[in-house]
Amino acid sequence: MVEEIGTTQDGDLIINVGPQHPATHGVLHLVITLHGETIKKVEPHLGYIHRSIEKMCESLTYRQFIYVTSRMDYLSSHINNHGCALLVERAMQIEVPARAQVIRVLMDELTRIASHELWWGAMAMDLGAFTPFFHAFREREMINEIMEDTCGARLTMNYMVPGGVQEDIHPDFVRKVKEFIALFKRKVDEYDEMVTDNIIFRKRMENVGVISAADAISYGLSGPSLRGSGVSCDVRKYYPYDVYNQVQFEEIIETGGDSLARYMVRIREMKQSISIIEQLLDGIPDGDFCAKTKAVIKLPKGEFYQRVETARGELGIYVVSEGATTPYRIKFRSPGFSNLSALDHMARGSKIGDLVAMMGTLDLVIPDIDR
Amino acid sequence: MYLVNYIKEVLSALRSLLIGMRRTLFYFTHHKEIITEQYPDNRATLKLADRFKGEVVMPHNENNEHRCTGCTACELACPNGTIKVITKFDITPEGKKKKAIDKLVYHLELCTMCNLCVYACPSDAIKMAQTFEHSVFDRNQLTKVLNFPDSKIMDGVE
Ligand code: SF4
Ligand code: SF4
């Protein structure tokens, strides 16, 4: 860091953005080297919200460590929990009842919509539009209420357990989700009308933060950010878990590689999530919502890896087990961390005003980056 | 030609702005669509979801009896040491010693509302309450004893 500053030329300006700066999400600290208005370098400084989750997990049992993962990418908490539960189930060869599988996928997709909606509102607000934020939160509130009914929480769910889910869905669940879908279908068009087709918005997104497919892969981008560069990478398609191989959905790919492409991927993904939910909602199988499991879970000796597609990309969970009740080592491959690493590459040579658009379309969630 | 294009672009920009503003105006004139809740003014009518996880409580029946056997499953399930089960030995009428709960200490300030204790309890002795206004002036007040004074275990709960 020190020597890097030494390489700046005359007339360069170094500014710090964050953590208290309102332009950043969460507590990300960016050191930006500017030449005039042009960005020469962006250096993210991490660690402001580091909670040592991986280390904490080493002292928690296989039932307990799931709740901590809700606090990583808090907007995809169901999906994080799902990944952990899947890992334990695969290692222990637990058969998950069909009902639980469907409930989990429903919850995952609702989470994805809620997360994309929040992203959409926050991103539009970053670019100077204030109203979309409230529109997005209004629809997201409906999902939050559905979650609150069934899981008792709005953000840090801890609803999925090894073997299934903690409680059966609320009797009102299906009705409320149907209401939400009917309303949301109208609202998505409203979103397009309000933001997507807006000329100011388009001008600020088109050809901003372009990243080629090859670069995107080498930086380890995943999820909607990578699919915006035209790479097919959906974990739900390539490594389907639970009932994802029984539903029809399209993997959204845009080839632009710019901020607008990443934006469009997420908007279109919301519609795909709706379609997945519709396919599953009417045929939730009867039966148990959780398999019978041993009270104390001891993973067999060995290494285990499980990946899931969160709203931001691929979350990988890697566990080394020594055969004890707690993991020997846990590593989370979080999508946010890899996505952030591409920011410098994207931003070089563009204007400082465009940085917010790039950060917005990478959909950064800082607790996911820091863990 | 340049000028015509320029004017066209300005007009299309205006049009797209007006279309966007139409939404704003719609909500400005349609008050029914507004969903903001006026907390705390609506405290009397505010109802939270039945399963909302606000705090762990131990329900007692009218005879001051609870269902807790003192098995410490909740203490073991809790990821952050929120619950401490302090047991004692009761003498049953037959003169036998029986393990029973003395105090179930609950540290609300540590609790993450993960529901694992409720999920682990084999005799449904604890549950989540829907309270959420937890602020107090001294954090010692957040340490609670969940079983009521002089409470006993319900008949038939093993
Ligand atoms: S809800 Fe979770 S953190 Fe709170 S007491 Fe129960 S197990 Fe512990
Ligand atoms: S509350 Fe339930 S789990 Fe905890 S000691 Fe009592 S009976 Fe056991």
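Order of the sequence lines fixes the chain letters, A, B, ..., with proteins taken first and strands second; residue numbering starts at 1 for each chain. Hydrogens, waters and symmetry mates are skipped; everything else that's a heavy atom, side chains included, is used.
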Query raised in the report: With no hydrogens and no angle check, is any side-chain donor or acceptor of A:Gln64 less than 3.5 Å from a backbone partner on B:Leu76?
Result: yes

**Report entry** Gap between atom CZ of A:Arg71 and atom OG1 of B:Thr112 - 0.5 Å precision
**Finding:** 5.0 Å

Report summary line: By residue number, those in residues 47-54 of chain B with heavy atoms under 4.5 Å from heavy atoms of chain A are B:Leu48, B:Ala49, B:Asp50, B:Arg51, B:Phe52, B:Lys53

Requested in this report: Go through the atoms of B:Ala77 and report whether side chain, backbone, both or neither lie under 4.5 Å from a heavy atom of chain A.
Outcome: backbone

Query raised in the report: Where along residues 155-163 of chain A does a heavy atom come under 4.5 Å of chain B, listed by residue number?
Result: A:Met157, A:Asn158, A:Val161

**Report entry** Flag if over 12 foreign heavy atoms under 6.0 Å of NZ, A:Lys176
**Finding:** yes

Query raised in the report: Can you say whether B:Arg15 sits under 4.5 Å from chain A via the side chain, the backbone, both, or neither, judging by heavy atoms?
Result: neither

Query - Contacting region of A:Thr150 [heavy-atom separation from chain B under 4.5 Å] - result: both

Requested in this report: Go through the structure and list residues passing side-chain contact (heavy atoms from CB on, under 4.5 Å) with A:Ser52, not counting sequence neighbours.
Outcome: A:His50, A:Lys55

Query raised in the report: Do other residues, nucleotides or ligands put more than 12 heavy atoms under 6.0 Å from the CD atom of B:Glu9?
Result: no

Query raised in the report: Nearest 0.5 Å, what's the CZ-CG distance between A:Arg63 and B:Leu116?
Result: 8.5 Å

Requested in this report: For B:Tyr119 and A:Val165, work out which heavy atoms get closest and say how close.
Outcome: OH-O, 4.5 Å

Requested in this report: Inspect the surroundings of CZ in B:Phe132 and state if more than 12 heavy atoms from other residues, nucleotides or ligands are less than 6.0 Å away.
Outcome: yes

Report summary line: Residue from A:His170, A:Met56, A:Glu145 scoring the most non-hydrogen pairs under 4.5 Å with chain B is A:His170

Report summary line: Among A:Lys203, A:Glu141, A:Arg202, A:His135, the residue with the most heavy-atom pairs under 4.5 Å to chain B is A:His135

Query - Which portion of A:Cys57 sits near chain B, non-hydrogen atoms under 4.5 angstrom - result: neither

Query raised in the report: Taking only residues two or more places apart in sequence, or in another chain, which ones meet A:Glu89 in a side chain to side chain donor-acceptor pair (under 3.5 Å)?
Result: A:Arg104

Query raised in the report: So with a 6.0 Å cut-off around NZ of A:Lys331, is the heavy-atom count from everything else above 12?
Result: yes

Query raised in the report: More than 12 non-hydrogen atoms from neighbouring residues, nucleotides or ligands closer than 6.0 Å to OH on B:Tyr39, yes or no?
Result: yes

